[in-house]
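All remarks here apply to the structure that follows.
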Protein chains: 2
Amino acid sequence: METYTIKDIARELGISTSTVSRALRGSYEINAETKRRVMECAERLNYRPNPIALSLKGSASRAIGVILPQIANYFFSQAINGIEAIAYNRGYHVIIFQSQESYEREMANVQQAMSRKVDGLLISLSSETADVEHLQEVLDKNVPLVLFDRVSSELNVTKVVADNFGGAFAATEHLLKEGRRRVAHLTIQPWLSITQERLAGYRAALEQYGVEFDENLIRYGTFGPDEVGPMIDELMHLDTPPDAFFTASDRLAVGCLQALGQRNLHIPEDVSLIGFTNLNVAHLLNPALSTVVQPAQEIGQVAAERLIDQIERKHRALPIETVRIPTELIVRSSTRQEAVKL
Amino acid sequence: METYTIKDIARELGISTSTVSRALRGSYEINAETKRRVMECAERLNYRPNPIALSLKGSASRAIGVILPQIANYFFSQAINGIEAIAYNRGYHVIIFQSQESYEREMANVQQAMSRKVDGLLISLSSETADVEHLQEVLDKNVPLVLFDRVSSELNVTKVVADNFGGAFAATEHLLKEGRRRVAHLTIQPWLSITQERLAGYRAALEQYGVEFDENLIRYGTFGPDEVGPMIDELMHLDTPPDAFFTASDRLAVGCLQALGQRNLHIPEDVSLIGFTNLNVAHLLNPALSTVVQPAQEIGQVAAERLIDQIERKHRALPIETVRIPTELIVRSSTRQEAVKL
DNA sequence: TTGTATGCGTTATCAC
DNA sequence: GTGATAACGCATACAA
C-alpha cells in the first residue's frame, strides 16, 4: 500500500506530469490511448490524489468542518452520525471541533477550520455565543455555512432546526387536553434560539386554550443533576403549584423524573410530565413519560445535504431558508403508547 | 480576520521569507531585533501558519485521526470527548472516521487518514475486523498508532482498554456473594477482545467460587431491542434457569431490564442483574441495577496522551504496553448504593 | 545574521 | 495533444 504520486505515473509511462494530471481528470484534448495507459497505471499503482496538495492548490479539500458545543451529548452525537453518513456518501470528510459551550473556543474553532481549508462549515452555536461576527467573516470569504439546532437570527444563511415551536405546542396542548392548567416549563438558557422557539410554542398553546401565561412557572438554567430537585420544591410551594411539567431536554426530563419520584409524586396521578428528548431510554424510566422526540439524526443529515449542495453548486445561488424538521410526539400512559408525527 | 502568510510579513518588513520563517520558529542564529520585529508584525497581523502547507511539507500536520465503529454510541462519544480534550490541550485537531462496524470501511478510513497526513492514529476496531494488515502497514510507515477499547492481540502497539477482566470478575463475584449460582452472561460478538476478557473474568470468578461453568448460560449477539426478550424466555425455560444476569453493554442491560419487567420478574427478588454500562441514567431504570461503569472518557484521554507522546518523541522508542483503566463497581439495592473502585 | 533556491503534489497557463 | 513552468505556503540546505 505504498503511496504513489502523479510523478510516479509520469515516470513509469515516460510522459509529463501535466499529461497525467489531465488524463486523470479526463480532459477532452488528450489522446484516448494515452488516457487509457494512464488510467491503467493509476489503477495498478492504486494511485490516490493527495488531498493535502489539492487543498494547498486552493481547490476543494473535500472536508467539511463541524463545530458544535459537545460531542458527548446524545443529541449532538446523533446529529454527527447523520452528518457523517451524508458526507461519506458524497465523498467528504468530517472534521469535528468542540466549542465546549465557549465563545472563545468557538472562534478559535472557526479559525482552525478555515486554515484547514474546509469546503464548508456546519455550526451549532455555543451557549455563550451572542456575537456572530466570526461567522459573518466566514460568509465574507465565500465559504458555505449552514447552522443547525442552535442558530442565530442575525445570520442570513440556511438553518436546519427541529420544529421546536410545533413540538412545544403539541406537548403543551397534550397536557392542556388532559385537563392540566398549571404547566411548568423547565428549560435551558433563555437566549438560545431553541429555547425561545419552544417557549413561543408553549405560550401559543396556552393562549389557544385560554390559559393565562404565568412567568413563575418558567425556569431557565443549565441544571446539574442535583439542581432540579430544589427547583421542583420551589415550584411545588407556589400558591397554586404546577399540575404538569414540560421539560426542554433529556437531562431535565430525567432530573425531573427523579425529583418527582423522591417526593412521592406520581405520574400522571399527581402531575403530568412531558419532555423534549432524544435519549431513547428515557421513557423506560417511567412508562407514563410522554416525549417530543427530536429528530437529531435527520437534522444532521439535512444540514449536511444542504451544505454540500451549496459547496458543489457555488456558481448558482441556492435559496437561503430555514428548514424545520418535524418532531414526533409520543404519548404514553402506563397502559398505552401512541406516536404522532407532527 | 484576513489570512496572512509569511510572505506578507516579509514584504511588510522588507526582509526575506526565510528570515521570517526562522524568526517565527525562534531560530538561534537570528538577530534579536529582527526577531522582535517579526514577532510584532505577526502578532499585529494575527498571523497563523497554514497547516495545509505544513502538512504538504511533510512536517507535522498536528492532526490525529480517530477511527471508531460508531459515534452515536454513548461509550464512543464519551471516549471522543476525552480524546478531544487532550488533543486540544496539546494543540492537535481530531479528524473522526466511522467504520460503521465495517472492515471495508475501516480500511478506507485508514487510507484516507494517511493521505490526510495525520500525525497519528487512534483506532477501535470494527466488529468485522479480523485481519489487521492495514494497520500493520500504518506502523510500517512509522505512523504512531494506539488501539483503544476494541484491540487486536496481533498488533504490537500500545493499547488502552477498560479492565474488562477485573470488571467482569467483580460483577460475577458480587452476584455469587449474593448467593446466586446460575449467572447468565449476555454479551456481544464473541471474537472481540473485550468480549473475551469479560468472559474470562466471569469464568475466573465462577471458578474461584466453585461454580461450574455452563455454556448454556452464555449468549452472544448484536441484540436489537426486540431480540432480548426471546433470549430471556429461552434462558428462563432451561431446566435450571438463571438466577442472575450479567450483561456486557448498555443496550443489553436496558433490554434485559425491559424484558424482565414485562415478564413480571423482579430485581433482585426473582433475579439479580448487573450490567457493564456507560449510560449514566441506566440505573435510574431500576434502583436495584448494579453496574460496572466503564471509564470511557478516561480511556479516550489516556489513549490520546499515549499517542501524542509517541508522536512528539518519535526519536526515542516509547514502551509498548497495554494500559488497563480500572472500572468501577456500583452496587445498588432499592435502599442503598455503594461504589467500589476496582 | 540574512537571502536564494528548492521541493512537498497538484493544477493552470503558457508554449510547442 | 503534450510538455515545461509557475504557483499554493512553508521550511531548509546552501550561499553570501
Side-chain angles (χ1 to χ4, degrees), chain A residues 2-39 41-42 45-63 111-112 114-119 141-143, chain B residues 2-39 41-42 45-63 111-112 114-119 141-143:
Chain A
E2 267 311 299
T3 172
Y4 295 99
T5 76
I6 231 171
K7 253 184 202 165
D8 298 310
I9 302 184
R11 188 167 353 94
E12 179 115 356
L13 265 47
I15 58 181
S16 81
T17 58
S18 7
T19 307
V20 176
S21 172
R22 279 185 285 234
L24 252 18
R25 21 190 32 243
S27 172
Y28 292 88
E29 37 194 356
I30 216 94
N31 187 305
E33 171 59 12
T34 311
K35 205 182 271 187
R36 202 198 48 70
R37 287 175 57 217
V38 169
M39 288 307 199
C41 185
L45 262 42
N46 188 29
Y47 165 80
R48 294 277 174 272
N50 180 332
I52 302 286
L54 288 175
S55 309
L56 186 58
K57 250 325 244 184
S59 58
S61 66
R62 296 203 83 75
Q111 275 235 1
Q112 290 159 352
M114 296 303 287
S115 70
R116 289 214 170 264
K117 294 260 190 301
V118 295
D119 291 340
K141 281 179 189 153
N142 259 318
V143 173
Chain B
E2 267 311 301
T3 172
Y4 294 100
T5 76
I6 229 172
K7 248 185 207 166
D8 298 310
I9 302 184
R11 187 165 357 93
E12 179 116 356
L13 267 44
I15 58 182
S16 82
T17 58
S18 32
T19 306
V20 175
S21 172
R22 280 184 283 237
L24 253 17
R25 20 189 36 243
S27 172
Y28 292 89
E29 37 193 359
I30 217 95
N31 186 305
E33 171 59 10
T34 311
K35 204 181 274 187
R36 200 196 50 69
R37 287 175 58 216
V38 169
M39 289 307 199
C41 186
L45 262 42
N46 190 28
Y47 165 79
R48 294 277 175 276
N50 180 332
I52 302 285
L54 288 173
S55 311
L56 186 57
K57 236 351 231 164
S59 58
S61 66
R62 296 202 83 77
Q111 276 233 3
Q112 291 159 351
M114 297 303 286
S115 70
R116 288 215 170 262
K117 293 261 189 303
V118 294
D119 291 339
K141 281 178 188 156
N142 259 318
V143 173

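All chains are named by letter (A, B, ...) in the order of the sequence lines, taking the proteins before the strands, and each is independently numbered beginning at 1.
A donor-acceptor pair is defined here as one N or O able to donate and one able to accept, closer than 3.5 Å; no such pair exists between the side chain of A:S21 and the backbone of A:T17. Not a single donor-acceptor pair under 3.5 Å links the side chain of B:S55 to the backbone N or O of B:K117.
Below the 3.5 angstrom threshold, one finds no donor paired with an acceptor across the side chain of A:T5 and the base of C:dT10. No hydrogens or angles were tested; on distance alone, nothing pairs the side chain of A:K57 with the base of C:dA12 as donor and acceptor under 3.5 Å.
The side chain of A:T17 sits closest to C:dT11 out of D:dG9, C:dT11, C:dG9. Listed nucleotides D:dC10, D:dA4, C:dG3 differ in distance to B:L54; the shortest reach to its side chain belongs to D:dC10. For B:N50, the side-chain atoms get nearest to D:dC10 when compared with the rest of D:dA11, C:dT2, D:dC10. Closest to the side chain of B:L56, from the set C:dG9, D:dC10, C:dT2, is C:dG9. Among D:dC10, D:dT2, C:dG9, the nucleotide with an atom closest to any side-chain atom of B:P49 is D:dC10. For B:A53, counting side-chain heavy atoms from C-beta on, the closest listed nucleotide (C:dG3, D:dT2, D:dG9) is D:dG9. For A:R25, counting side-chain heavy atoms from C-beta on, the closest listed nucleotide (D:dA11, C:dA12, D:dT2) is C:dA12.
As a whole-Å value, the separation of B:L13 CG from C:dT2 C1' is 13 Å. Rounded to whole Å, the distance from CD1 on B:I9 to C1' on D:dA11 is 14 Å. Look at CG on B:D8: it is 13 Å from C1' on D:dC10, rounded to the nearest Å. Atoms CD1 (B:I52) and P (C:dG9) sit 15 Å apart, rounded to a whole Å. Per the geometry, OH belonging to A:Y28 stands 17 Å off P belonging to C:dT11, to the nearest Å. Counting to the nearest Å, the C1' atom of D:dT12 and the CG atom of B:L24 are 15 Å from each other. Separating the NZ atom of B:K35 from the C1' atom of C:dT2 is a distance of 13 Å, rounded to the nearest angstrom. Nucleotide D:dG1 holds its P atom 16 Å from the CZ atom of A:R37, rounded to whole Å.
In this model, the phosphate group of C:dG7 is not approached by any side-chain N or O of A:K7 to a distance below 4.0 Å at OP1 or OP2. Phosphate proximity of C:dT11 to A:S21: present, with a side-chain N or O under 4.0 Å from OP1 or OP2. OP1 or OP2 of C:dT10 has at least one side-chain nitrogen or oxygen of A:Y47 nearer than 4.0 Å. Close to D:dA11, at under 4.0 Å from its OP1 or OP2, lies no side-chain N or O of B:R22. Between D:dC10 and B:Y4, no contact under 4.0 Å exists linking OP1 or OP2 to a side-chain N or O. Considering only side-chain N and O atoms, A:T19 lies under 4.0 angstrom from the phosphate OP1 or OP2 of D:dG3. Within the 4.0 Å cut-off from OP1 or OP2 of C:dT10, not a single side-chain nitrogen or oxygen of A:S18 is found.
Between B:L24 and B:K35, every side-chain heavy-atom pair lies at or beyond the 4.5 Å cut-off.
Among the atoms of the strands shown, only primed sugar atoms or phosphate atoms (P, OP1, OP2) are found under 4.0 Å from some heavy atom of A:I15. Here B:S55 lies out of heavy-atom contact (under 4.0 Å) with every strand.
With rounding to the nearest 0.5 angstrom, the OH atom of A:Y28 is 15.0 Å from the CZ atom of A:R22.
Nearest approach of B:V38 to B:I15, heavy atoms of both residues: CG2-CD1, 3.9 Å.
Defined by atom type and a distance below 3.5 Å, a donor-acceptor pair is missing between the side-chain atoms of B:N50 and A:S115.
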